[in-house]
Amino acid sequence: MALQDSLNSAEWLFGNYDNFVPPSAVTGTQFSVFDSLYKNVSSVSNHYAKAHTHFSEWEDSFATNSPKKLLNKQHSGFSFQHTNHHANARKQQGHFLPSSEHFHKAVKRDRHDIDWHHSKHEPPHKFAERPVVLSDTDRKGYWLFGDHATFVATGKETKGQFSLFDFTTVPQGGPLVHTHYREGEFAYILEGEVSYQLHDQVFTATAGSFVYEPKGHPHSFVNLGTTTARHLVFSFPSGLENLFAEAGLPGSRFSPPAPQVPSSEFLDANVKLLNKYGVDAQNSIIFAPFDYNSTKSGSPEVTLLRPGESKGAVSATITVNDGKNIKHLPVNFADGERLKTVSIPYVRGNSSTVDRTFNLALTDPKGGATIGMLQDKAVVIIKNDNNYTIANGNTPDSLPKVLPNQDSAAYWLEGDNYKFVATSVDTEGQFSLFDVLVGPQQSDSLLYAPADQGYFVLDGNVDFHIGDQVFNAAPNTFVFIPEGNPYALTNLGTTNARTLLFSTSSELENFISYLGTPGDIFNPPCNSFSQHNHTYIC
């Protein structure tokens, strides 16, 4: 909140400082409101000197109580609305959060209760838009390049800030090398492993790790493993959902279309659609993925594919190594040509019963072409029964591994543990991502969203108390909470629940690090955790 807004809030709350008398007893939650204002107001001018005196009285009265500061010092969101349901739930869990009655007894102005919904003194900071809760039912999904993008949230639900997709990528599936000029992307690996090319770097991201793909940077990804991979993809700002809807094939992520050789007409139309949405498909050459993991008969041959831009004549070289000899096979594409079949020179021995392995590599691109670095190698195994197989020469283990950062910062706040997965520093100020553990039988005190934020439930069930409503969020549920909305999390189960928390504002990082207590899930604050009954109490 801007400083002037804080001052306006102080005047709105207290009115005439001469007539304001601090009550004899308030709770830590109430004190945090005044403590927050004190930090902003007391340093302004002598005009607010009396506020300093009154805030000091508040501070002295709580010096021995160590009150919890539940509000960000720069976001003193005022709302004293609180339901009996919330209060009763917290009493049962060993919590006490003041009811509206308690607060109204503590703070009044000219006999008007301080209540956003009933006071005729309008606060300067109003409630934001209503939160959005989207369950994992009837979500749209589209197949494109061996990927299935399930729409979790679009710009319609996030005020245009970002879109969120739940990606399912089959083995050898993944997009061609491309560059976004309208949006950046951020991926979090949920299951399996996904290999990435960013510029001229390649690596494999494992479950629990994140990958940032900035706007304007060429990239691609491929599932080089043998099982399906799953990863969340954030694109910001929103809009990428329109590309998937127009270019993709509608369908369930559990029913992938059969691999097939793409026609030149299909690829030409696809490149035009990508350009329409600000995506540049690189003029790249790769080994065709539809050849992988299949058994063929006859003389061995491989197919090269030019899936992106196809203007101009380009060329590359296939290096063939059978362990004894190395051969170089030139490959030339004419203007607009997309597919090229190349025979592998091989003389079959009449008495040989041993399979022979040929390692192929794409090198030396010319004419403005590039090589897709995740599909630049192939392994051809020729058998004596006149059959042969082709596999991708790249594997997840052949590339450097990106693992979850075990040393990232983590904080305990209201009994929940917030692990920093990615910060605004990691994402050039674009995004923040947290892995949040909500302990069993845990019920949080009421918080206020210091910035627009979204939750994606990973494990367990979490009850979201938003305003005067309660929503049960099962795994894969998405919850978007605009700035300024009051909310609380509750885990009434017997095991831990986990959810991802993300925001396009660094304010959330400041909020958590300022108010939280440092410590990972294995080192909770000793006064707020009980292993005996598996309950976090703050």
Side-chain angles (χ1 to χ4, degrees), residues 1-6 9 32 35-37 39-40 68-77 125 127-129 131-132 153 155 157-164 180 182-188 208-217 232-238 404-405 407-414 416-437 444 447-456 478-487 489 499-520:
M1 182 186 299
L3 180 59
Q4 186 58 49
D5 287 341
S6 295
S9 297
S32 65
D35 177 65
S36 173
L37 284 175
K39 288 179 171 63
N40 286 323
K68 289 180 186 174
K69 301 171 183 177
L70 301 181
L71 304 178
N72 186 298
K73 63 178 179 179
Q74 294 180 345
H75 288 269
S76 305
H125 184 73
F127 276 121
E129 293 86 350
V132 176
E157 292 87 27
T158 67
K159 302 191 297 184
Q161 294 182 58
F162 61 87
S163 299
L164 176 59
H180 294 266
R182 295 181 184 174
E183 57 271 316
E185 291 180 296
F186 181 106
Y188 179 84
S209 61
F210 80 94
V211 178
Y212 175 48
E213 302 156 295
K215 177 173 62 177
H217 292 242
L232 292 178
V233 175
F234 308 83
S235 65
F236 46 92
S238 64
N405 184 1
D407 298 324
S408 60
Y411 294 86
W412 289 93
L413 179 62
E414 286 303 297
D416 301 333
N417 185 262
Y418 293 78
K419 179 182 178 181
F420 285 45
V421 177
T423 67
S424 56
V425 174
D426 301 318
T427 62
E428 300 176 333
Q430 299 294 319
F431 226 83
S432 301
L433 178 68
F434 310 87
D435 188 336
V436 184
L437 180 143
D444 289 357
L447 298 173
Y448 291 82
D452 292 348
Q453 56 196 56
Y455 284 87
F456 184 87
F478 171 78
V479 180
F480 182 72
I481 305 176
E483 177 182 356
N485 279 279
Y487 73 99
L489 307 182
T499 178
L500 291 178
L501 168 62
F502 42 90
S503 176
T504 54
S505 169
S506 61
E507 285 298 320
L508 196 54
E509 296 173 35
N510 300 332
F511 179 84
I512 293 171
S513 58
Y514 176 73
L515 300 177
T517 301
D520 59 23

Is the backbone of [Y] close enough, under 3.5 Å, to the side chain of [X] for a donor and an acceptor to pair up by distance?
| X | Y | value |
| --- | --- | --- |
| E509 | S424 | yes |
| W412 | G516 | no |
| N417 | G519 | yes |

Exercise for the section: Decide side chain to side chain contact (heavy atoms under 4.5 Å, CB included) for Q453 and Y487; before the verdict, give the C-alpha distance in whole Å, the side-chain angles of both, and the deciding distance to 0.1 Å. Expected result: CA-CA 12 Å; Q453 56 196 56; Y487 73 99; 2.8 Å; yes
Exercise for the section: Describe, in one word, how the ring planes of F502 and F478 are oriented to each other, choosing from parallel (under 30°), tilted (30 to 60°) and perpendicular (over 60°). Expected result: parallel
Reported [atom1]-to-[atom2] distance for the pair [X] and [Y], which is rounded to 0.5 angstrom:
| X | Y | atom1 | atom2 | result |
| --- | --- | --- | --- | --- |
| L508 | L501 | CG | CG | 5.0 Å |
| L515 | N510 | CG | CG | 10.0 Å |
| F234 | T427 | CZ | OG1 | 11.0 Å |
| T517 | E414 | OG1 | CD | 10.0 Å |
| L447 | L413 | CG | CG | 6.0 Å |
| D520 | D435 | CG | CG | 12.0 Å |

For [X] against [Y], the heavy-atom pair lying closest together:
| X | Y | answer |
| --- | --- | --- |
| N485 | I481 | CB-CG2, 3.8 Å |
| A153 | T158 | CB-CG2, 4.2 Å |
| S503 | A451 | OG-CB, 4.0 Å |
| P237 | G160 | CB-O, 3.5 Å |
| L232 | L164 | CB-CD1, 4.2 Å |
| K419 | S408 | CE-OG, 3.1 Å |

Problem - Heavy-atom side-chain proximity of Y455 to L500 below 4.5 angstrom - result: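 No. Closest side-chain heavy atoms not under 4.5 Å.
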Exercise for the section: Among E213, K215, H217, E185, find the residue that satisfies the side-chain hydrogen bond (donor to acceptor under 3.5 Å, both in side chains) test when tested with H180. Expected result: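 Considering E213, K215, H217, E185, a side-chain hydrogen bond (donor to acceptor under 3.5 Å, both in side chains) with H180 is found only for E185.
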Exercise for the section: Report the C-alpha separation of E183 and F162 in whole Å, then their side-chain angles, then the decisive distance to 0.1 Å, and conclude whether the side chain to side chain contact (heavy atoms under 4.5 Å, CB included) test is met. Expected result: CA-CA 9 Å; E183 57 271 316; F162 61 87; over 6 Å; no
Practice task
Only counting residues at least two apart or in another chain, list the ones meeting ring pair (Phe, Tyr, Trp, His ring centres under 6.0 Å) with F210.
Solution key: F186
Exercise for the section: Take Q161 and F480 through the side chain to side chain contact (heavy atoms under 4.5 Å, CB included) test and state the conclusion after the steps. Expected result: CA-CA 11 Å; Q161 294 182 58; F480 182 72; 3.9 Å; yes
Practice task
Assess whether ring pair (Phe, Tyr, Trp, His ring centres under 6.0 Å) is satisfied between Y411 and F420, documenting all intermediate values.
Solution key: CA-CA 8 Å; Y411 294 86; F420 285 45; 5.6 Å; yes
